[in-house]
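The structure under discussion appears below in the form of structure tokens.
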2 protein chains.
Amino acid sequence: MSEKPLNTPNLQDIATAAGVSTATVSRVLNSPADVRPAMRERVEAQIRALGYVRHGAARALASSRSFTIGAVIPTLESAIFASGVDAVENYLAETGYTLLLAVTNYDLQHEYEQVQALIERGVDGMILVGRDHDAGTLNMLERQRCPFITTWTYTEEAAHPCVGFDNADAARRITAHLLELGHKRIGVIAGVTEGNDRARERIIGVRTALRSRRLKLQEDCLIEKPYDVGAGRDGLRYLMSLPKSKRPTAIFCGNDVLAIGALLEAQHMGIHVPDDVSIVGFDDLPLAEHLSPGLTTVHVPSRRMGISAAQYLLASIAGESPATHNELPTDIMVRGTTAPPRR
Amino acid sequence: MSEKPLNTPNLQDIATAAGVSTATVSRVLNSPADVRPAMRERVEAQIRALGYVRHGAARALASSRSFTIGAVIPTLESAIFASGVDAVENYLAETGYTLLLAVTNYDLQHEYEQVQALIERGVDGMILVGRDHDAGTLNMLERQRCPFITTWTYTEEAAHPCVGFDNADAARRITAHLLELGHKRIGVIAGVTEGNDRARERIIGVRTALRSRRLKLQEDCLIEKPYDVGAGRDGLRYLMSLPKSKRPTAIFCGNDVLAIGALLEAQHMGIHVPDDVSIVGFDDLPLAEHLSPGLTTVHVPSRRMGISAAQYLLASIAGESPATHNELPTDIMVRGTTAPPRR
DNA sequence: TTGTATGCGTTATCAT
DNA sequence: ATGATAACGCATACAA
């Protein structure tokens, strides 16, 4: 009959109700070990009774820690990014952090704005994707002393903390697999390269593999497509429409979504994979192994990458000095979509 | 030579640099129309010069608005949720809001904790999925006066704001499609039902459709499976292993991921779809239409749902009184995986 | 171990 | 149109 929680209670209300100071309440919340058990319980009882929930803004203002981490990714429409974010969120939740998520739609200018928005929200650290960024973006991060790490790309000499892998080399390796099977004319259905270093580097990897065999990528065998299944289908149809002498016997797709499209379109057209044409992808989506034939692709450890990035950030915030350059392995998953060229 | 931005500048620094009061700086930031153009420019120049970025925590503390919205979803491993979140984020970004994202892994207790975490971060509104929630969760939301809306489910009599559709009815309709083709024995590969009202209601919908034809769902024709392609394959194998007299001629899958698994497994087994067995899914993933045969499924407008939820919240925050119960249409996409039973 | 008091960077109210 | 100033709710250095 006497409780009137008209407004949501604050530290002071709890303190009053428990007959202690706000400092004590703050302590049972943040360093319970520092307060005598009896008193702690008394306070905790009131916290429960009044349904107290911390005021993050006030906390952040007073302590300059928000217990939030920001992630800025190209899109959530890509299962592989979504999966990485899922891993990040799960990991952060375990450690008491919350995720602020922003999407760039592969627009570097928009990325800049999103990064600013997250900094304004006071994130304690930030995860970025790739190394293509507006100069101002990295600048802001540094001026604001916001710890950050880039993902999905790795090079020894990277100027900033990163966790990822060598896209060019992975593409080179899976192309080498094609070349070893005896293919000489390789087609490429690349992802959009603008503002996307990963897509560009994967093409470079294909070229490197070809060059090492004194082969070249024919320019009409390279086509750039947006990230969707239909585009993959279009890409395949285009490549297969090339005159026989220029028609590739194997196709490297910049990602699995394009590869799945290419594979499905081949089946629609009655073109046999891998007998008539070999297809490889990149990412190793969960679906890849279930297709028939199974898609030969590059496995990318997106969850591990996300977790590793989060770990770096938390360690960094904690004042530790974790390794800044972290390379993850990528395996070539050889499945059913590759075989020697028909002769 | 004189500028030493050792610490990140605050309102006061800008004010001093521009020779005005903090109130004025705050005004050029928040209601530029209230300040004379000349002065406004002077201030804006300093804002740019010193690279000022707003301190969200301080803003939130003083104004009790954080310009953030929370979303708590089951998982990002599901493309359909990821897509909805993507839409929400894009919409919020347009309107100056930022997204706080949390994942429950279909655990209602964890959802409670995530909701609390987001409330602590001061979100101005919250998006939830489904109507299965811990009692405490909704309670907390209300006590904290945090506007919220549930998605993915709709009923006229819902006790809280919601935007979605009638899962049972959609399932009933696509099952009716099967029955109209002449199927009598329907198999069901359902998603996990625990803590997932949508999965449960879809099964109810199947039962309703059957009942209206005086048919019943045979209990060994109903199997519950986790959300992945492999599980869909297992499910199909199980149903096809039933003795001929009990074997279903058509299969309702609780979602497209299971349906895709079922379809692929049928193809692996040399079972022809739809001649030997019809398969329907639920969600209409982008891939569904590209499969061969194309997957007959229920189209769910996940992006529109997310945007609608965000709109409701923003309107609600703005003090408007938007419609609280919003039903979205779901179309049955009849494609190639359904046909009359072989006779 | 507990309490007191100050300050965190804004917004908003009230003057001017 | 602009300035002075009091909250906002908490953490923390310091005192007891």
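Every chain is numbered from 1, with letters handed out A, B, ... down the list of sequences.
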Practice problem: Sequence neighbours left out, what passes side-chain contact (heavy atoms from CB on, under 4.5 Å) with B/Pro301? Give chain and number order. | Solution: B/Arg304, B/Leu328, B/Thr330

Exercise. Taking the side chain as every heavy atom from C-beta outward, state whether B/Val129 and B/Phe81 have any atom pair closer than 4.5 Å.
Key: yes

Self-check item: Residue list, side chain to side chain donor-acceptor pair (under 3.5 Å) with A/Asn30, at least two apart or on another chain
Solution: A/Ser26, A/Arg54, A/Arg59

Practice problem: Heavy atoms of chain A, cut-off under 4.0 Å: which first and last nucleotide of DNA chain D, 5' to 3', fall inside that, if you could look? | Solution: D/dG9 to D/dA13

Quiz item: Got a sec, which pairs hit ring pair (Phe, Tyr, Trp, His ring centres under 6.0 Å) with one end in residues 111-145 of chain A, sequence neighbours left out?
Solution: none

Practice problem: Starting from the first five and the last five pairs of the helix from C/dT1-D/dA16 to C/dT16-D/dA1, work out the angle between the resulting helix axes, to 10 degrees. | Solution: 30°

Practice problem: List for me each residue that meets ring-ring contact (aromatic ring centres under 6.0 Å, His included) alongside B/His160, sequence neighbours excluded, and say none if there are none. | Solution: B/Phe148

N/O donor-acceptor pairs under 3.5 Å from side chains in residues 150-158 of chain A, not counting sequence neighbours:
| from | atom 1 | to | atom 2 | distance (Å) |
| --- | --- | --- | --- | --- |
| A/Thr150 | OG1 | A/Pro161 | O | 3.3 |
| A/Thr151 | OG1 | A/Leu128 | O | 2.8 |
| A/Thr155 | OG1 | A/Arg131 | NH1 | 3.4 |

Quiz item: What is the per-nucleotide protein-contact pattern of nucleotides 4-16 of chain C, from the 5' end, where B denotes a base atom under 4.0 Å from a protein heavy atom, S denotes such proximity for sugar-phosphate atoms only, and - denotes neither?
Solution: B--BBBBBB----

Self-check item: Pair listing, salt bridge (Lys or Arg N to Asp or Glu O under 4.0 Å) test, anchored in residues 108-123 of chain A, at least two apart
Solution: none

Quiz item: Please, which pairs that meet salt bridge (Lys or Arg N to Asp or Glu O under 4.0 Å) have at least one residue in residues 77-91 of chain A, sequence neighbours excluded?
Solution: A/Glu77-B/Arg303, A/Asp86-A/Arg303

Quiz item: By ring-ring contact (aromatic ring centres under 6.0 Å, His included), which residues pair with A/Phe67, not counting sequence neighbours?
Solution: A/Tyr97

Self-check item: Residues that B/Glu44 engages under side chain to side chain donor-acceptor pair (under 3.5 Å), provided they are two or more places apart
Solution: none

